[in-house]
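To start, the structure under review is shown below, and the notes come after it.
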Amino acid sequence: MLRGSSAQGPVALIIPGSGPTDRDGNSPLGVRAASYRLLAQGLAAEGITTVRIDKRGMFGSAGAVPDANAVTMADYVVDTAAWVKSVRAKTGAPCVWLIGHSEGGLVALAAAQEVENLCGVVLIASAGRPLGDVIKSQLRANPANAPLLQAADAAIDELAAGRRVEASALPQPLAPLFNPAVQGFLISTFSLDPADLVATARLPILIVQGGKDMQVSVADAERLKAGNPGAMLIILPNANHALKDVAGNSPSDNFAAYQTPDLPLSEGLVSGIAAFVRD
């Protein structure tokens with residue numbers, strides 16, 4: 001739900017990341033970092049209005065469609081256009097910034113190709129490679145997945161080519177990843193290369209990446225920057241994927257920050273975004 005009246009400064013739409021991530025940046029899969037809520041609060045203190053959303057079919061938007069899995073990237077672009085229109089009507093803003101986190105960054109880049117009245121795009125912890133390549137890398141990061149890699153690679157390649165796979169024929173640990181219910185979405189997403197999209201986006205772009213992100217790498221941010229040399233790049237050396245600074249280098253230290261809503265956002269995140277959208 002959108003609340004508020006006229007906005008005096010910049011206005012931004014925060015687009016959530018993958019899976020059942022809610023408008024606060026939390027997920028029933030074990031994420032309680034409240035990253036989007038903290039980001040909205042921090043930007044408000046800088047005079048920047050934000051709107052946080054629940055994806056179609058989820059949480060506050062559960063009534064929008066009967067099946068949250070029956071969605072494509074094109075659907076999310078349509079939703080973004082509708083939110084931008086609503087935000088402008090409520091606030092009187094001439095244009096709206098898109099702030100996309102993780103998968104939300106891909107949505108923002110896809111929307112930048114066709115949605116009108118955008119001020120620019122902020123990409124936070126956004127992959128610079130097709131999602132299928134990211135998943136391959138994530139699977140390889142865990143040595144225990146070695147027996148699954150051949151089957152996973154084949155399935156990802158099939159989906160990237162626009163063809164569904166028989167999930168029941170895959171090793172059981174891969175079944176949730178390639179659930180038939182989400183294969184339509186995966187096909188629509190695997191076909192997109194963020195580096196190509198960022199290269200054709202004719203808007204101001206800020207890329208923000210954490211140095212301790214275990215899901216998206218600094219190399220992804222650098223690939224995005226190479227695709228659009230005019231984009232601004234901010235590296236937050238100690239930030240993880242939940243946008244929190246991590247003191248140590250162990251996975252347990254990193255994942256602990258996903259569970260800590262009271263831990264502040266990474267130093268420099270809010271100020272970096274605020275300075276960019278105000279310029």
Side-chain angles (χ1 to χ4, degrees), residues 13-22 25 27 29 31 53-58 61 64-65 67-83 98-115 121-141 151-167 170 174-201 205 207 209 213 215-217 219-221 223-224 227-228 241:
L13 178 71
I14 298 176
I15 304 175
S18 62
T21 301
D22 69 15
S27 166
L29 300 181
V31 180
I53 60 173
D54 292 324
K55 293 184 283 188
R56 63 163 67 189
M58 297 183 187
S61 297
V65 292
D67 182 3
N69 288 322
V71 66
T72 65
M73 187 59 62
D75 292 329
Y76 283 152
V77 171
V78 169
D79 292 348
T80 300
W83 277 111
L98 299 182
I99 301 177
H101 174 247
S102 190
E103 181 189 278
L106 183 60
V107 175
L109 283 175
Q113 312 300 312
E114 53 187 277
V115 176
V121 176
V122 178
L123 306 172
I124 307 176
S126 298
R129 300 160 286 163
L131 181 59
D133 292 345
V134 175
I135 294 175
K136 287 181 180 180
S137 295
Q138 291 174 343
L139 289 171
R140 281 167 170 75
D153 286 354
I156 290 169
D157 291 343
E158 282 293 291
L159 292 166
R163 296 184 290 267
R164 289 180 174 265
V165 299
E166 182 53 62
L170 295 171
L174 295 177
L177 182 60
F178 300 107
N179 186 325
V182 300
Q183 287 189 25
F185 177 72
L186 294 178
I187 287 171
S188 75
T189 305
F190 288 1
S191 66
L192 300 175
D193 188 334
D196 291 340
L197 294 175
V198 77
T200 54
I205 295 176
I207 304 161
Q209 178 60 43
D213 189 329
Q215 295 172 252
V216 177
S217 69
D220 283 290
R223 189 171 190 263
L224 290 170
N228 190 322
H241 198 68

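Bear in mind that the values here come from a model prediction, so they are computed numbers and not experimental data.
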(message) Just verifying a value: how many Å separate Asp79 CG and Asp54 CG, rounded to the nearest 0.5 Å?
(response) 12.0 Å

(message) Would you say that Thr80 contacts Ile15 through its side chain, given a criterion of any heavy-atom pair below 4.5 Å between the two side chains?
(response) yes

(request) Give, for atom CG of Leu109 and atom CG of Leu98, the distance between the pair rounded to the nearest 0.5 Å. (result) 9.5 Å

(request) Under the side chain to side chain contact (heavy atoms under 4.5 Å, CB included) rule, what do Leu123 and Ile205 come out as? Steps first, then yes or no, please. (result) CA-CA 8 Å; Leu123 306 172; Ile205 295 176; 4.1 Å; yes

(message) I need the minimum non-hydrogen distance between Gly105 and Ser126, along with the two atoms involved.
(response) CA-OG, 3.3 Å

(request) Compare every heavy atom of Pro180 with every heavy atom of Ala167, then report the nearest pair and how far apart it is. (result) CB-CD, 3.9 Å

(message) Using side-chain heavy atoms (C-beta onward) and a distance below 4.5 Å, is Ile53 in contact with Pro16?
(response) yes

(request) Give me the one residue out of Met73, Arg164, Glu158 that meets side-chain contact (heavy atoms from CB on, under 4.5 Å) with Ile187. (result) Arg164

(message) If I compare all heavy atoms of Gly57 with all of Ala68, which pair ends up nearest, and what's the gap?
(response) O-CB, 3.5 Å

(message) With salt bridge (Lys or Arg N to Asp or Glu O under 4.0 Å) as the rule and sequence neighbours excluded, what pairs involving residues 175-201 come up?
(response) Asp193-Arg223

(request) Evaluate the criterion side chain to side chain contact (heavy atoms under 4.5 Å, CB included) for residue pair Ile135 and Ile156; output intermediate values, then yes/no. (result) CA-CA 8 Å; Ile135 294 175; Ile156 290 169; 3.9 Å; yes

(message) Does any part of the side chain of Ser137, heavy atoms only, come nearer than 4.5 Å to the side chain of Arg129, both counted from C-beta?
(response) yes

(request) State, yes or no, whether a side-chain contact exists between Leu197 and Leu106 at a heavy-atom distance under 4.5 Å. (result) yes

(request) Check Phe178, Tyr76, Phe190 against Phe185 for a ring-ring contact (aromatic ring centres under 6.0 Å, His included) and give me the one that passes. (result) Tyr76

(message) Quick check for you: to the nearest 0.5 Å, what is the distance between Asp157 atom CG and Asp133 atom CG?
(response) 8.5 Å

(request) Please check if the side chain of Lys55 supplies one atom and the backbone of Gly17 the other of a donor-acceptor pair under 3.5 Å. (result) yes

(request) For the pair Gln209 (side chain) and Val216 (backbone), establish whether a donor and an acceptor sit closer than 3.5 Å, ignoring hydrogens and angles. (result) yes

(request) Please check if the side chain of Gln138 supplies one atom and the backbone of Gln215 the other of a donor-acceptor pair under 3.5 Å. (result) yes

(request) Search all heavy atoms of Val165 against all heavy atoms of Ala155 and return the closest pair with its distance. (result) CG1-O, 3.8 Å

(request) Locate the shortest heavy-atom distance separating Leu170 from Leu174; write the atom from each residue and the value. (result) CB-CB, 4.4 Å

(request) Enter the distance from Asp213:CG to Ser102:OG here, rounded to the nearest 0.5 Å. (result) 8.0 Å

(request) Could you check if a side-chain atom of Leu224 sits within less than 4.5 angstrom of a side-chain atom of Asp220, using non-hydrogen atoms only? (result) no

(request) Hey, can you tell me if His101 and His241 have their rings parallel, tilted or perpendicular (30° and 60° cut-offs)? (result) tilted

(message) How long is the straight-line distance from CG of Leu131 back to CG of Leu192, given to the nearest 0.5 Å?
(response) 9.5 Å

(request) Enter the distance from Asn179:CG to Asn69:CG here, rounded to the nearest 0.5 Å. (result) 6.5 Å

(request) Show your reasoning for whether side chain to side chain contact (heavy atoms under 4.5 Å, CB included) applies to Val134 and Glu103. (result) CA-CA 11 Å; Val134 175; Glu103 181 189 278; over 6 Å; no

